[in-house]
Amino acid sequence: MNDLKRDLLTTSHWGAYRIDREGGRVTGLRAFEEDSDPSPIGQGIVDVLDAPTRISQPMIRKSWLEGGPGTAGDQRGKEAFVPVSWAEASRLVAGELDRVRHEHGNQAIYAGSYGWASAGRFHHAQSQMKRFLNCIGGFTRSVNTYSYAAAEVIVPHVLGSFFDHPARTTSWESIAENCELFVAFGGVPLKNGQISQGGLGNHVQKAGVLKAHENGVAFVNISPLRSDIMEDADAEWLTARPSTDAALMLGLAGVLLEEGLHDAGFLDRYTVGFKQLADYLRGKEDGIVKNADWAAGICDLPADKIRELARRMAAKRTMISVSWSLTRQDHGEQPYWASIALASMLGQMGQPGTGIGFGYSAMNYLGATRREVDYAALPQGQNGVIDFIPVARVTDMLENPGAAYDYNGQRRTYPDIKLVWWSGGNPFHHHQDLNRMRRAWAGPDTIIANEWCWNALAKHADIVLPCTTTMERSDIALTSRDPYQMVMDQVMEPVGQARDDHDIFRGIAAEMGVEEAFTENRNPEEWQRWIYDVSRQQAARSGVEMPSWDTFQRDGWFRVPPPEKPTVMMDEFYADPEAHPLKTPSGKIELFSDRIAGFAYDDCPGHPAWMEPREWLGAAPEGALHMISNQPRTKLHSQLDHGSVSRADRIQGREPLLMNPEDAKARGLSDGQILRVYNARGACLAGLRISDEIMPGVIQISTGAWYDPDGDTCRHGNPNAVTLDKGTSRLAQGPTAHSCLVMVEAFNGPLPETQAHNPPEILPARR
């Protein structure tokens with residue numbers, strides 16, 4: 001461990017902290033001195049670093065150890081584990097990898113490992129795993145994210161790229177100085193803005209909203225939840241029916257067209273396809289005029305309110321914000337395409353403080369004033385397997401090997417997966433319809449997990465390789481998403497026999513004869529210095545001077561200077577669309593896409609459109625409620641669910657459920673009561689909080705409670721026990737968690753004890 005004169009320091013996806021320790025143990029975290037609005041999430045790690053949930057040595061599921069690959073896969077999540085040595089674990093993994101790739105090919109290895117892992121630049125679990133697997137021929141991978149898969153696929157067809165635009169989101173500084181009206185579809189949830197990939201030094205979202213409000217910006221929050229914009233913003237709250245955002249946007253666009261409020265000059269110069277969109281809005285295709293009256297019947301908002309909002313948006317300097325959550329509904333491509341069309345009709349894209357933004361406060365970096373720097377990362381090598389799946393289609397893949405599916409104009413085939421390896425993520429958090437996934441999870445011959453605690457992934461694995469936490473290894477955090485770059489000090493020895501991921505893979509690589517290819521004869525510190533040196537050279541080419549390695553280690557952090565002027569998304573395109581065309585076929589914003597129309601998908605036409613969610617088709621059960629399963633405020637996804645901060649928010653050990661007083665009264669429910677939330681897919685138990693902060697007809701349960709199945713019921717409150725596992729469309733195949741109808745009733749009978757934070761049975765070690 002480092003012998004430093006300065007205070008110990010680390011950073012995480014939810015913020016940076018100074019570390020207090022005593023007797024080799026971490027005793028507390030203090031917020032980094034530059035952080036104006038620190039997150040409480042980090043405090044949750046202190047009491048679980050060496051708690052009973054910690055995995056302290058390699059573990060093998062009993063039946064797999066006795067019978068070999070493919071034995072009793074349906075016992076995953078139920079069966080006891082046997083401790084083994086690292087030598088035996090490495091030998092078993094190496095042997096199974098060789099068996100699978102020689103008998104079935106490398107495409108039979110699925111190593112999606114979707115998840116957040118560490119903020120460290122070197123000890124990043126997925127990077128280490130992908131580098132290792134590429135040394136032995138590769139693996140089937142996943143593409144896109146659960147966060148915004150539909151946007152990742154649709155927006156490049158419309159704006160030429162997706163990731164270029166969040167990276168250059170118009171800054172809060174520009175909004176405060178130039179915007180008059182901020183219309184937030186899905187709100188600006190500060191709880192989501194606690195986090196940012198790769199680490200962060202200062203939380204800026206709260207200050208951004210407050211500064212805009214102080215400067216006279218009026219906020220409109222279009223969401224089922226009042227709290228999706230902070231109270232101090234004095235936002236107008238419009239409670240549109242969940243999953244109807246595209247209809248509302250098209251209704252607003254219809255008003256602009258009807259009343260001649262659209263900017264014809266902007267549409268002519270900067271877009272293509274407005275004629276086809278206008279024909280759709282006028283009902284030339286289907287005889288249905290898409291106007292305020294039409295939208296009102298779908299969204300459950302007054303038509304006059306929709307007209308009033310459209311007129312205000314046309315009269316004011318307006319920013320449209322669309323949350324990432326809008327993509328996680330059936331046909332989730334459409335809200336993003338419709339919002340771009342609406343912003344184009346207003347004619348303010350590319351101008352200071354106005355236009356469109358994809359997800360203010362979805363992460364801390366969106367709208368932050370920062371300079372883009374191209375930092376180096378651990379080289380991953382070349383994957384020898386061309387197969388991939390959309391990340392949210394993992395259950396389909398496991399259920400239907402060899403089946404054909406559509407994705408973004410391609411006709412693809414699901415591979416036959418024999419081995420799944422997860423490192424740095426948790427599919428039993430992210431995925432929908434977990435009961436269905438658990439049944440499919442029994443299929444592969446072998447499941448391997450690199451994990452540090454006994455969550456649902458570890459319990460449902462065959463081979464568990466215990467890894468270190470960020471507190472038990474040294475690293476560096478370099479990220480273009482934040483101006484603060486950090487040293488991550490090792491502050492304690494690894495618990496038990498835990499190893500960092502690099503050492504785990506190095507040991508297996510040695511068994512397989514590829515250790516030198518994997519390590520390049522560098523140890524972790526040498527790799528970190530290499531990454532830093534290359535980053536320093538690349539930063540210099542961008543006009544950013546990074547300190548020397550020794551100075552960086554001595555000081556612990558540095559801050560990249562801000563850009564010379566506030567960031568404005570698409571400003572170069574607006575200034576000169578001929579000199580700075582978009583990467584679309586036309587070089588312009590495509591309100592109609594010939595390419596998408598050519599795919600001939602019945603669930604994604606060539607222009608933005610309203611299509612009813614499949615969950616609504618047919619008669620909904622009487623008393624059904626919409627369920628919103630949004631991001632938690634006490635943890636990042638499922639990370640640190642077992643920690644003190646997350647546990648303090650429980651109701652009788654269950655995840656809280658928010659319900660409007662009208663709905664609670666109609667069902668005879670009382671605050672603090674345990675409820676059963678159910679549909680045909682399964683059920684979960686949750687603790688009731690009654691509040692007028694949520695609209696009638698809707699309940700909210702945050703994601704992240706560790707999956708704790710008892711039959712098809714999650715005792716702990718994971719809402720993905722009941723969410724729908726269906727692709728957004730044949731275009732993007734993204735997740736549709738927010739298009740979910742459920743029934744709710746009081747739970748009667750003895751309340752089952754939760755097992756989510758209990759380790760499995762551990763048998764005596766083999767002699």
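Worth saying up front: this structure is predicted, and the values here are computed from it rather than measured.
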Could you pull out the closest heavy-atom pair between [X] and [Y], with the gap in Å?
X: S344; Y: L591; value: OG-CD2, 4.0 Å
X: L366; Y: P166; value: CD2-O, 3.7 Å
X: T728; Y: P735; value: CG2-O, 3.4 Å
X: A303; Y: A292; value: O-CB, 3.6 Å
X: C604; Y: I154; value: SG-CD1, 4.4 Å
X: A149; Y: G734; value: CB-CA, 3.8 Å

Determine whether the aromatic ring centres of [X] and [Y] lie less than 6.0 Å apart.
X: Y280; Y: F592; result: no
X: Y148; Y: F162; result: yes
X: W237; Y: F219; result: no
X: Y707; Y: H429; result: no

Answer yes or no: is there a donor N or O on one side and an acceptor on the other, between the side chain of [X] and the main chain of [Y], under 3.5 Å?
X: Q126; Y: G115; answer: yes
X: T723; Y: A737; answer: no
X: Y146; Y: Y114; answer: no
X: D641; Y: K635; answer: no
X: S142; Y: V391; answer: no
X: S223; Y: L225; answer: yes
X: W337; Y: A609; answer: no
X: T170; Y: M569; answer: yes
X: K290; Y: I288; answer: yes

Any side-chain heavy-atom pair from [X] and [Y] closer than 4.5 angstrom?
X: I628; Y: V698; result: yes
X: L210; Y: M230; result: yes
X: I320; Y: L342; result: yes
X: L582; Y: K588; result: no
X: T318; Y: Q348; result: yes
X: L159; Y: M570; result: yes
X: S586; Y: V272; result: yes
X: V289; Y: L281; result: no

Would you mind telling me which of F182, Y365, W324 makes a ring pair (Phe, Tyr, Trp, His ring centres under 6.0 Å) with Y360?
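By the ring pair (Phe, Tyr, Trp, His ring centres under 6.0 Å) criterion, Y360 pairs with just one of F182, Y365, W324: F182.
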Can you find a side-chain donor-acceptor pair between [X] and [Y] that sits under 3.5 Å?
X: E333; Y: H157; result: no
X: Q733; Y: S729; result: no
X: N630; Y: Q700; result: yes
X: D603; Y: H331; result: no
X: H637; Y: Q631; result: yes
X: Q194; Y: S39; result: yes
X: S196; Y: N364; result: no
X: W14; Y: Q639; result: no
X: T479; Y: D482; result: no

Output yes when [X] and [Y] qualify as a salt bridge under the 4.0 Å nitrogen-oxygen rule, no when they do not.
X: R681; Y: E615; result: yes
X: D232; Y: K206; result: no
X: E180; Y: R317; result: yes
X: D725; Y: R393; result: yes
X: D279; Y: K275; result: yes

Taking atom [atom1] of [X] and atom [atom2] of [Y], what is their separation to the nearest 0.5 Å?
X: E655; Y: T634; atom1: CD; atom2: OG1; result: 6.5 Å
X: L248; Y: I222; atom1: CG; atom2: CD1; result: 5.0 Å
X: I699; Y: H626; atom1: CD1; atom2: NE2; result: 11.0 Å
X: L658; Y: S691; atom1: CG; atom2: OG; result: 5.0 Å

Pairs touching residues 243-259 that satisfy side-chain hydrogen bond (donor to acceptor under 3.5 Å, both in side chains), sequence neighbours left out:
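Listed once each, the pairs are S243-S739, D245-Q329, E258-N291, E259-R311.
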Among all residues two or more places apart in sequence or in another chain, which pass the side-chain contact (heavy atoms from CB on, under 4.5 Å) test with Q410?
F388, Y407, R412
Going by the angle between their ring planes, with limits at 30° and 60°, are F266 and Y574 parallel, tilted or perpendicular?
parallel
Under the salt bridge (charged side-chain N to carboxylate O under 4.0 Å, His left out) definition, can you give me all pairs with a residue in residues 297-310, not counting sequence neighbours?
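For residues 297-310, and leaving out neighbouring residues, the salt bridge (charged side-chain N to carboxylate O under 4.0 Å, His left out) pairs sorted by first residue read E236-K305, D293-R307, D304-R307, K305-E308.
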Which salt bridge (charged side-chain N to carboxylate O under 4.0 Å, His left out) pairs, counting each pair once, include a residue from residues 322-332, with sequence neighbours left out?
D330-K726
Is atom CZ of R436 surrounded by more than 12 heavy atoms (other residues, nucleotides or ligands) closer than 6.0 Å?
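Yes - once you tally the heavy atoms of other residues, nucleotides and ligands closer than 6.0 Å, there are more than 12.
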Given P696, which of D663, T239, L625 fulfils the side chain to side chain contact (heavy atoms under 4.5 Å, CB included) condition?
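Single side chain to side chain contact (heavy atoms under 4.5 Å, CB included) partner of P696 among D663, T239, L625: D663.
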Steps toward side chain to side chain donor-acceptor pair (under 3.5 Å) verdict (H431, N720)
CA-CA 7 Å; H431 204 66; N720 278 324; over 6 Å; no
According to the ring pair (Phe, Tyr, Trp, His ring centres under 6.0 Å) rule, which pairs have a member within residues 717-739, sequence neighbours left out?
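Of all non-adjacent pairs touching residues 717-739, none passes ring pair (Phe, Tyr, Trp, His ring centres under 6.0 Å).
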N426/S638 under side chain to side chain donor-acceptor pair (under 3.5 Å): CA gap, chis, key distance, verdict
CA-CA 8 Å; N426 181 7; S638 66; 3.2 Å; yes
Can you list everything that forms a salt bridge (Lys or Arg N to Asp or Glu O under 4.0 Å) with E372? Sequence neighbours excluded, please.
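In terms of salt bridge (Lys or Arg N to Asp or Glu O under 4.0 Å), with neighbours along the sequence ignored, E372 is linked to R370.
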